[in-house]
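Working notes, beginning with the structure itself.
Naming: A, B, ... by sequence-line order, numbering from 1 per chain.
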Number of protein chains: 2
Amino acid sequence: MAEGQTRRRGKALLDAIYAAAVAEAAVAGPGRLTMDAIAKRAATPRSTLYRRWSDPRDLLLDALADLHPVEQPHPGADDLRGDLIAALRLMCDWAFSDAGRAVMAIVADPRRDPATVDALFERVFAARGGTFTQTVLRHYAEHGQIDPARLTPVVLDIGEALVTKRMMDLGADPGDQYLEAIVDQAILPAIGRDPADG
Amino acid sequence: MAEGQTRRRGKALLDAIYAAAVAEAAVAGPGRLTMDAIAKRAATPRSTLYRRWSDPRDLLLDALADLHPVEQPHPGADDLRGDLIAALRLMCDWAFSDAGRAVMAIVADPRRDPATVDALFERVFAARGGTFTQTVLRHYAEHGQIDPARLTPVVLDIGEALVTKRMMDLGADPGDQYLEAIVDQAILPAIGRDPADG
DNA sequence: GGTTTTAGGTACACGACTGTATCTAAAACT
DNA sequence: AGTTTTAGATACAGTCGTGTACCTAAAACC
């Protein structure tokens, strides 16, 4: 800092640290997440990190909790199919963000401890109204267009599960065509609206 | 080795190394997999490992390829539902083996490169006839009990996807009741046999 | 303006893992 | 029995991450 020596502090510094942590986690996987790498990426000395957190996992959880909340689906009134596809699109976009990849890697970590995952779900997802297609399905059930009895935990998870698996298999975005296939061939039949029927 | 000094060689040694590699990967996650840890667990000097592999990832892929193949579902003739549930049960059991957890962690690794995953699929899964429920569904389609046109990539993946997601969410075995729910509420409706219909 | 807080910048000893390089002795082959 | 192969047991320098400590100077507070 030879000339423009401004010193970050408080929120500005925290934001830089959080961004660095999430970016590092997405690149390295939380298993390889280190204080050192976060500090380097945030261009701050490690001592600053150790003053607040004792371990990179704690830091990452704070970082994820602090992030802007995920964009929510905003279902309309009479396009269930389109709204479901849009919800899955939102999910894909989120999943390929740094935060999404960090969360994925935490959840799939064989060394994960239940406390970490619980903390993650409570702090990161509790604020949200549920999963992506869940929001849409509940909305249409409230408007009497879906039998609420159909919305079991299994059914509410179909879309997210298929998207997740496809991303794991391919390592890439499933693509809109595949999202449509998920809606037409799995979700709609499960709520009793099989497009193949009349 | 003071007294019973027998020296492993060839297959016996390889088996010990492979077992150690898979066990390490399952415990540590492939991201944290090190030559050192494998060598210690296999009680062999690192030099022995470096003579054959240059990197723990290569070693792990060989180890996974060498493993006993996964148990296959053996569908009967007239119990589609039961056979699907049994296939998902097989999948859960495999997923919680060392090999299953190692594979899961490889696939979910944000730092995975496509070549590794391709190699994994070719070498580990190519020998098998496909995924777990896939085997069952194809069997019943061949016997004329399912419309083959229904067996799209999405539909063939529903069971595995829901099991995978549930395991990631819970970090534990989904339990037989949940497997039944998957079959009844997701797979069967998707192939046009919705139990909720007449 | 003086004081308190806290980021920036180093340094250090420790441990883990890496590749490589020996040397030895047990298996395997002839 | 003699030879070849290769596992076992070190050792070593190099790199990376850890925690901790210490000093300095910029922000923030009064």
Checklist entry - Between B:Lys11 (NZ) and D:dA7 (C1'), how many Å, whole number? => result 17 Å

Checklist entry - Taking atom P of C:dG9 as reference, at what distance in whole Å does atom CG of A:Leu13 sit? => result 12 Å

Item to check | Interatomic distance, A:Arg41 CZ vs D:dG17 C1' [rounded to whole Å] | outcome: 16 Å

Checklist entry - Is any NZ, NE, NH1 or NH2 atom of the basic residue among B:Asp173 and B:Arg89 found under 4.0 Å from an Asp or Glu carboxylate oxygen of the other? => result yes

Item to check | Side-chain heavy atoms of B:Ile191 within contact of B:Asp147, under 4.5 Å | outcome: no

Checklist entry - Atom CD1 of B:Ile38 and atom P of C:dA16: how far apart are they, to the nearest Å? => result 17 Å

Next on the checklist: Hydrophobic clustering (ILVMFWY, side-chain heavy atoms < 4.5 Å, transitive) - are B:Val27 and B:Trp94 grouped together?
Outcome noted: no

Next on the checklist: For A:Ala190, is there any backbone N or O sitting under 3.5 Å from a side-chain donor or acceptor partner on A:Arg150?
Outcome noted: yes

Checklist outcome for this item: Closest of D:dG17, C:dT10, D:dA9 to the A:Pro45 side chain is C:dT10

Checklist entry - Counting only side-chain N and O atoms of B:Thr44, is one of them less than 4.0 Å from OP1 or OP2 of D:dG8? => result yes

Checklist entry - What about A:Arg46: does its side chain form a donor-acceptor pair under 3.5 Å with the base of D:dG19? => result yes

Checklist entry - Does NZ or CZ of A:Arg101 fall inside the cone over A:Phe96's six-membered ring, less than 6.0 Å from its centre and within 45° of the axis? => result no

Next on the checklist: Nearest to the side chain of B:Arg7, heavy atoms from C-beta on, is which of D:dG8, C:dA11, C:dT18?
Outcome noted: D:dG8

Item to check | Donor-acceptor contact below 3.5 Å, side chain A:Gln145 vs main chain A:Asp78 | outcome: no

Checklist entry - How large an angle, rounded to 10°, do the end axes of the helix from C:dG1-D:dC30 to C:dT30-D:dA1 enclose when each is built from five base pairs? => result 30°

Next on the checklist: Tell me the interatomic distance from A:Met35, atom CE, to D:dT18, atom C1', rounded to whole angstroms.
Outcome noted: 10 Å

Checklist entry - With no hydrogens and no angle check, is any side-chain donor or acceptor of A:His139 less than 3.5 Å from a backbone partner on A:Gln134? => result no

Checklist entry - Roughly, in whole Å, what's the span from NZ in B:Lys40 to C1' in D:dA9? => result 14 Å

Item to check | Closest to side chain of B:Thr34, choosing from D:dG17, C:dT18, D:dA25 | outcome: C:dT18

Item to check | Donor-acceptor pair between B:Tyr140 and B:Asp83 side chains, under 3.5 angstrom | outcome: yes

Checklist entry - Using 4.0 Å as the upper bound for N to carboxylate O, is an ion pair formed by B:Asp36 and B:Arg46? => result yes

Item to check | D:dG8 phosphate, OP1 or OP2, under 4.0 Å from B:Arg8 side-chain N/O | outcome: yes

Item to check | Strand contacts (DNA chain C) in residues 47-58 of chain A, 4.0 angstrom heavy-atom criterion | outcome: A:Ser47, A:Thr48, A:Arg51, A:Arg52

Item to check | Euclidean distance, atom CD1 of residue B:Ile17 to atom P of D:dT6 [Å, nearest integer] | outcome: 13 Å

If you restrict it to nitrogen or oxygen atoms, what contacts under 3.5 Å exist between nucleotides 3-5 of chain C and the protein, and what is each distance?
residue, atom, partner, partner atom, Å
C:dT5, O2, A:Arg9, NH2, 3.1

Item to check | Side-chain ion pair, A:Asp184 and A:Arg193, N-O less than 4.0 Å | outcome: no

Checklist entry - Any Lys/Arg nitrogen of B:Glu24 or B:Arg32 sitting under 4.0 Å from an Asp/Glu carboxylate oxygen of the other? => result no

Next on the checklist: For A:Thr133 and A:Glu160: C-alpha separation, side-chain torsions, deciding distance, then whether side chain to side chain donor-acceptor pair (under 3.5 Å) applies.
Outcome noted: CA-CA 7 Å; A:Thr133 56; A:Glu160 282 75 9; 2.8 Å; yes

